[in-house]
Each structure stands twice: as structure tokens, then as C-alpha cells.
2 protein chains.
Amino acid sequence: MADKQESKRGPEVKPRNWLVPVILLTLREWNSYGYELMERATAFGFEAMNPGTLYRTLRQMEKEGIVESTWETSKGGPARRMYTITDAGEAYLDFWAKALEQYQRNMDTFFKLYTGRSLRPEENDNKEE
Amino acid sequence: MADKQESKRGPEVKPRNWLVPVILLTLREWNSYGYELMERATAFGFEAMNPGTLYRTLRQMEKEGIVESTWETSKGGPARRMYTITDAGEAYLDFWAKALEQYQRNMDTFFKLYTGRSLRPEENDNKEE
DNA sequence: CGTGTCTATGTGTAGAATGCACATACGATG
DNA sequence: CATCGTATGTGCATTCTACACATAGACACG
């Protein structure tokens with residue numbers, strides 16, 4: 001029963017594009033760059049963020065116009081691509097917040113049904129509405 | 001800025017595999033079949049479920065051993081593939097519930113930062129660690 | 001100088017999830 | 001028999017993302 005699939009190790013729950021709002025939220029408070037955002041994301045709920053995904057996401061976000069970047073070479077070490085949130089980005093973040101609220105309500109519904117098993121007075125395995 | 005991308009119409013928030021726990025939760029209460037589960041899912045928070053995704057998901061779930069199916073031809077109309085949750089399925093649902101709780105906490109963090117902008121005493125757009 | 005380490009940014013590729021369009025088939029009704 | 005509502009499914013393309021690997025600057029150390 002369920003061997004090669006992921007049913008054993010536990011499900012993947014992260015919503016799609018979850019990285020996007022986390023990045024936007026961070027950039028709304030301070031400008032940042034990939035390497036730092038990785039730690040931030042990790043602290044947030046992603047265990048083991050991998051660089052590839054993060055950097056690609058940032059590039060995509062810039063292509064969409066919700067963030068902008070410039071090279072910063074002043075500090076020691078390799079150059080950093082510093083990111084800034086745009087107006088469109090802030091608006092997009094608001095969209096995300098609304099969508100996440102909706103999603104939170106769905107989760108509430110889920111948990112009500114999950115925890116309170118006997119919300120419906122049916123028998124066991126038949127249903128008539 | 002952000003034209004061909006989805007930044008305009010709003011983000012896609014549904015978590016991955018969200019259909020799976022919804023189906024399991026429903027089947028825990030009564031046996032059901034694809035067509036009916038589609039309506040259930042729609043009522044739950046998916047607008048415009050498309051049949052393809054749902055039926056494919058059900059097949060996959062059966063392959064993983066978390067549901068089982070038998071043909072039901074007794075009722076009028078086309079035959080229905082009736083699904084039943086297995087023991088592994090119930091266990092898997094519990095996994096999901098735990099994962100969703102964790103995820104709910106992450107969302108709380110997100111909203112705290114989103115709503116309460118001034119949790120951090122930084123200036124506006126620079127940060128040094 | 002050469003070698004290694006930490007910081008920092010990327011690419012290549014493959015697999016999974018999912019939306020959209022389309023196909024099939026049964027039963028009832030006119 | 002044509003058509004509608006129910007019911008299940010496939011093909012194809014896109015998107016997301018995990019994993020592995022590549023590149024490169026700065027700095028320390030012998």
C-alpha cells in the first residue's frame with residue numbers, strides 16, 4: 001500500500017508560489033538580496049530552501065514587474081543583487097493577502113469537519129441530501 | 001509591468017494536493033464517486049473544478065492505496081465508480097491534518113507581519129545585521 | 001602565489017501537479 | 001434517432017519546484 005508515493009513521508013502542503021508573498025512581505029520592510037532572503041524564508045516555514053528555486057523566483061518576479069534589482073558592489077564579498085519592491089508589488093501583496101484569507105477560511109472549514117466528526121446526523125456510509 | 005503574467009488577475013493560492021484531503025475527508029463520512037465529489041469540492045473552496053484533474057487524482061489515490069473503488073451499476077444512469085477510504089487513507093488524512101496545522105501557523109505569522117507593519121523598529125528600507 | 005572556505009548568484013534537467021480541450025458512453029425523453 | 005444530463009476518462013501544454021551542478025569574488029593561511 002502506497003510505497004513509491006509520498007503517502008509515507010507525509011504530504012506536501014505548501015501552496016503554490018508561497019515564496020512570492022514571503023519575499024514581497026520582507027522587501028516591504030527592507031531591501032534585501034537572494035542570499036539573505038533565503039535565510040528569511042527558512043525561518044518562515046520553509047525548511048531547506050534551495051538556492052535555485054529562490055533565485056529563479058526572484059528573476060521571475062522582476063520580469064513581472066513586482067520587484068526591481070540593482071547590483072551592489074560596495075560591501076565586501078561577492079556582489080549582491082539588491083531587490084526593491086515596486087508599487088505593483090505592493091498591490092500584488094495585497095491581492096495575496098486577500099487570497100490567503102479566503103484560503104484560511106477553507107482551512108477552517110476543513111478542520112471543523114475533521115475534528116467534529118458528528119456534525120452530520122448520517123449513519124456511516126450513505127448520504128442523501 | 002506584469003502584463004502576460006498572472007500578477008494582474010491575482011495569485012494562485014491553492015496548496016498542492018489540496019484535493020486529496022478534501023476527498024479523504026468526504027469519504028470518511030460517506031462513500032462517494034467522482035461526479036459527486038466534484039460538487040463537494042466546488043462547494044468547499046474550489047471554483048470550477050475540472051473533471052480531468054479530479055478523476056486523475058482519484059486514480060492516483062487508489063494507486064497509492066488510500067482509497068478503493070468498485071463499480072456501481074444498480075442506480076439509473078451511467079455506472080459510477082464508488083470510492084471508499086482505506087485504513088491507510090485515514091492515517092494519511094491524519095498526516096494531512098498535522099501538516100495543515102503547521103501551515104496554518106505559518107499563515108498566522110504572515111498575517112501578523114502583514115497587518116502589524118511596525119513589529120520591527122527598523123527605519124524604512126535599510127537593514128544591517 | 002596557490003588552495004580552501006564563505007558568500008553569492010545562477011543553470012540544466014527531470015518530475016509532479018494542474019488546467020484546458022476533447023473523447024466516450026449510458027439512460028431517459030421527445 | 002437525436003439530444004440532453006450524468007459520469008468517467010485521455011492528451012497536451014504549462015507551470016512549479018526539487019536536486020544537482022557550475023561560476024565567481026573576497027579573504028585567510030601557509
Side-chain angles (χ1 to χ4, degrees), chain A residues 2 4-7 9-23 31-42 45-64 67 69-83 96 129, chain B residues 4-7 9-23 31-42 45-64 67 69-83 96 128-129:
Chain A
K4 59 214 288 213
Q5 250 58 30
E6 41 98 75
S7 310
R9 303 184 298 283
E12 199 56 64
V13 187
K14 292 194 284 280
R16 303 154 89 79
N17 303 309
W18 180 229
L19 249 189
V20 174
V22 169
I23 291 171
N31 296 342
S32 187
Y33 55 98
Y35 199 83
E36 189 184 52
L37 285 165
M38 240 174 69
E39 297 165 1
R40 168 82 164 174
T42 302
F46 296 90
E47 336 84 68
M49 261 311 305
N50 75 83
T53 302
L54 182 89
Y55 288 114
R56 233 188 301 260
T57 302
L58 283 169
R59 291 299 199 85
Q60 179 64 20
M61 289 170 70
E62 182 159 29
K63 221 170 73 185
E64 293 176 22
V67 298
S69 74
T70 54
W71 282 104
E72 178 184 286
T73 48
S74 53
K75 310 284 173 47
R80 302 167 171 175
R81 191 186 280 275
M82 288 295 293
Y83 282 93
W96 258 94
E129 62 264 18
Chain B
K4 57 212 289 215
Q5 250 58 29
E6 42 98 75
S7 310
R9 303 182 301 281
E12 199 59 61
V13 186
K14 291 193 283 282
R16 304 240 268 299
N17 303 310
W18 179 229
L19 248 188
V20 175
V22 169
I23 291 171
N31 296 342
S32 188
Y33 54 99
Y35 198 84
E36 189 185 53
L37 285 165
M38 240 174 71
E39 297 164 2
R40 168 81 166 177
T42 303
F46 297 92
E47 335 83 69
M49 261 311 304
N50 75 82
T53 303
L54 182 89
Y55 288 113
R56 236 189 300 260
T57 302
L58 283 169
R59 290 301 200 85
Q60 179 64 21
M61 290 170 69
E62 183 160 25
K63 221 170 75 186
E64 293 177 22
V67 297
S69 73
T70 52
W71 283 104
E72 178 185 283
T73 48
S74 54
K75 309 283 170 51
R80 302 167 171 173
R81 191 186 280 275
M82 290 296 294
Y83 282 93
W96 258 96
E128 48 277 333
E129 63 273 13

| query | Over how many whole Å does the gap from B/Leu19 atom CG to C/dT18 atom P extend? | reply | 7 Å
| task | State the CD-CG distance between B/Glu36 and B/Asn31, to the nearest 0.5 angstrom. | result | 10.0 Å
| query | What's the CE-P distance between A/Met61 and C/dT9, to the nearest Å? | reply | 15 Å
| said: Could you measure the distance from the CG atom of B/Asn17 to the CD atom of B/Gln60? Nearest 0.5 Å is fine. | reply: 9.5 Å
| query | Is the distance from OP1 or OP2 of C/dT11 to the nearest side-chain N or O of A/Tyr55 less than 4.0 Å? | reply | no
| field | Spacing of B/Arg81 atom CZ relative to D/dG9 atom P, expressed in whole Å | value | 4 Å
| query | For D/dT6, does OP1 or OP2 lie under 4.0 Å from any side-chain N or O of B/Arg80? | reply | no
| What is the distance from atom CE of B/Met82 to atom OG of B/Ser69, rounded to the nearest 0.5 Å? | 10.5 Å
| query | Are the side chains of B/Tyr33 and B/Arg81 in touch, meaning some heavy atoms are under 4.5 Å apart? | reply | no
| request: Please tell me which of A/Tyr83 and A/Arg16 maps to the more 5' nucleotide of DNA chain C, matching each residue to the nucleotide holding its nearest heavy atom. | output: A/Tyr83
| Rounded to the Å, how far apart are B/Asn17 CG and C/dA16 P? | 12 Å
| note | B/Leu54 CG to C/dT18 P, in whole Å, measures 11 Å
| query | Atom CD of A/Glu36 and atom P of C/dA8: how far apart are they, to the nearest Å? | reply | 9 Å
| query | Whole-Å distance between C/dA8 C1' and A/Met38 CE? | reply | 10 Å
Review item, nucleotides 19-27 of chain C N/O atoms under 3.5 Å of protein N/O:
unit_1, atom_1, unit_2, atom_2, d
C/dG19, OP2, B/Asn50, ND2, 3.2
C/dG19, OP2, B/Thr53, OG1, 3.0
C/dG19, O6, B/Arg56, NH2, 3.1

| query | Rounded to whole angstroms, how far apart are NZ on B/Lys63 and P on C/dA17? | reply | 10 Å
| message | To the closest 0.5 Å, what do you measure between CZ (A/Arg59) and OH (A/Tyr83)? | response | 6.0 Å
| query | Pick from A/Thr42, A/Leu37, A/Val22: which one makes a side chain to side chain contact (heavy atoms under 4.5 Å, CB included) with A/Met49? | reply | A/Thr42
